[in-house]
Student: 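So that we are looking at the same thing, I have put the structure below in structure tokens.
The figures that follow rest on heavy atoms only: side chains count, while hydrogens, waters and symmetry mates do not. Residues take their numbers from the sequence shown, with the count starting at 1.
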Amino acid sequence: MTRFACVRGVTAAILILLTSRTGIAAEPFPFDQELMLDASPIRPGKRMPALTVEPNGNARIDLWCRTVSARIEISEAAMKIEAGPLPEGLPEMMSAGQCTPERMQADEELLSAITRVSAWRAEGTGVVLDGPQALKFRVSDH
């Protein structure tokens, strides 16, 4: 085997590996599934933040106390989230004392972090939303 043929064979093998790797589809975003924030609960409430995104981009963001609607644009790895304003009132089903000032402040901080997300990636059974602060969500098991 000549040296030229050997180099040609190695080059062809590298090209095949590179083109086959880029041909693999990225992990799809888990649309229509409740994604729970991977965080410790803030007591006394039991509610945990969650995100549900429809394939058309409509979304619901359940924060520590309040819920907002959002519009989400998702491409292969990029993400842009435009959330509605935080409602003034609390949900009717909240028990007395569940929305402490700490949880209300956490709503504002989480919503701010979510609206600054610029990318997403699949990780395990969930996704990580990347921005100034990485937010890990897992697919709900209920």
Student: Which pairs would a plain distance check flag for residues 31-42, meaning a side-chain donor or acceptor within less than 3.5 Å of a matching protein atom at least two apart in sequence or in another chain?
Tutor:
{"unit_1": "Glu34", "atom_1": "OE1", "unit_2": "Ser140", "atom_2": "OG", "d": "3.4"}

Student: Identify the heavy atoms of Gly45 and Gln98 that sit nearest to each other, and give their distance.
Tutor: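 Gly45 and Gln98 have their closest heavy atoms at CA-CG, 3.5 Å.
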
Student: Please list, one pair per line, the donor and acceptor atoms closer than 3.5 Å that link side chains of residues 121-132 to other protein atoms, with sequence neighbours excluded.
Tutor:
{"unit_1": "Arg121", "atom_1": "NE", "unit_2": "Asp130", "atom_2": "OD2", "d": "2.9"}
{"unit_1": "Arg121", "atom_1": "NH1", "unit_2": "Glu123", "atom_2": "OE1", "d": "2.9"}
{"unit_1": "Arg121", "atom_1": "NH2", "unit_2": "Asp130", "atom_2": "OD1", "d": "3.4"}
{"unit_1": "Glu123", "atom_1": "OE2", "unit_2": "Lys136", "atom_2": "NZ", "d": "3.2"}

Student: Please name the pair of heavy atoms, one in Arg43 and one in Glu102, separated by the smallest distance, quoted to 0.1 Å.
Tutor: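 Shortest heavy-atom contact: O-OE1, 4.5 Å.
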
Student: Which heavy atom of Ala83 sits nearest to which heavy atom of Ala70, and what is that distance?
Tutor: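 Between these two residues, the closest heavy atoms are CA-CB, 3.8 Å.
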
Student: Just verifying a value: how many Å separate Leu51 CG and Ile61 CD1, rounded to the nearest 0.5 Å?
Tutor: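 Rounded to the nearest 0.5 Å, the CG-CD1 separation comes to 6.0 Å.
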
Student: With rounding to the nearest 0.5 Å, note down the distance linking CD in Glu27 to CH2 in Trp120.
Tutor: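 That separation rounds to 7.0 Å.
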
Student: Can you list every ring pair (Phe, Tyr, Trp, His ring centres under 6.0 Å) pair that touches residues 68-88, not counting sequence neighbours?
Tutor: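 Ring pair (Phe, Tyr, Trp, His ring centres under 6.0 Å) check on residues 68-88 returns no pairs.
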
Student: Compare all side-chain heavy atoms of Val68 with those of Pro87 and state whether any distance is below 4.5 angstrom.
Tutor: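 Counting from C-beta outward, Val68 and Pro87 do come under 4.5 Å.
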
Student: For Thr67, give me all partners under side-chain hydrogen bond (donor to acceptor under 3.5 Å, both in side chains), at least two apart in sequence or on another chain.
Tutor: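 Per chain and number, Thr67 pairs via side-chain hydrogen bond (donor to acceptor under 3.5 Å, both in side chains) with Arg47, Asp62.
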
Student: Which value, rounded to the nearest 0.5 Å, describes the distance between Lys80 atom NZ and Ile74 atom CD1?
Tutor: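 Interatomic distance, Lys80 NZ to Ile74 CD1, rounded to 0.5 Å: 13.5 Å.
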
Student: When you check the gap from the basic side-chain N to the acidic O, do Glu73 and Arg71 get nearer than 4.0 Å?
Tutor: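 Salt bridge between Glu73 and Arg71, a charged N being under 4.0 Å from a carboxylate O: no.
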
Student: Per the side-chain hydrogen bond (donor to acceptor under 3.5 Å, both in side chains) rule, what does the pair list look like for residues 108-119, sequence neighbours excluded?
Tutor: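 Listed once each, the pairs are Gln105-Glu109.
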
Student: Who are the side-chain hydrogen bond (donor to acceptor under 3.5 Å, both in side chains) partners of Asp107, not counting sequence neighbours?
Tutor: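 Checked Asp107 against side-chain hydrogen bond (donor to acceptor under 3.5 Å, both in side chains); matches are Arg66.
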
Student: Applying side-chain hydrogen bond (donor to acceptor under 3.5 Å, both in side chains), can you list everything that pairs with Gln133, at least two apart in sequence or on another chain?
Tutor: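 side-chain hydrogen bond (donor to acceptor under 3.5 Å, both in side chains) list for Gln133, sorted by chain: empty.
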
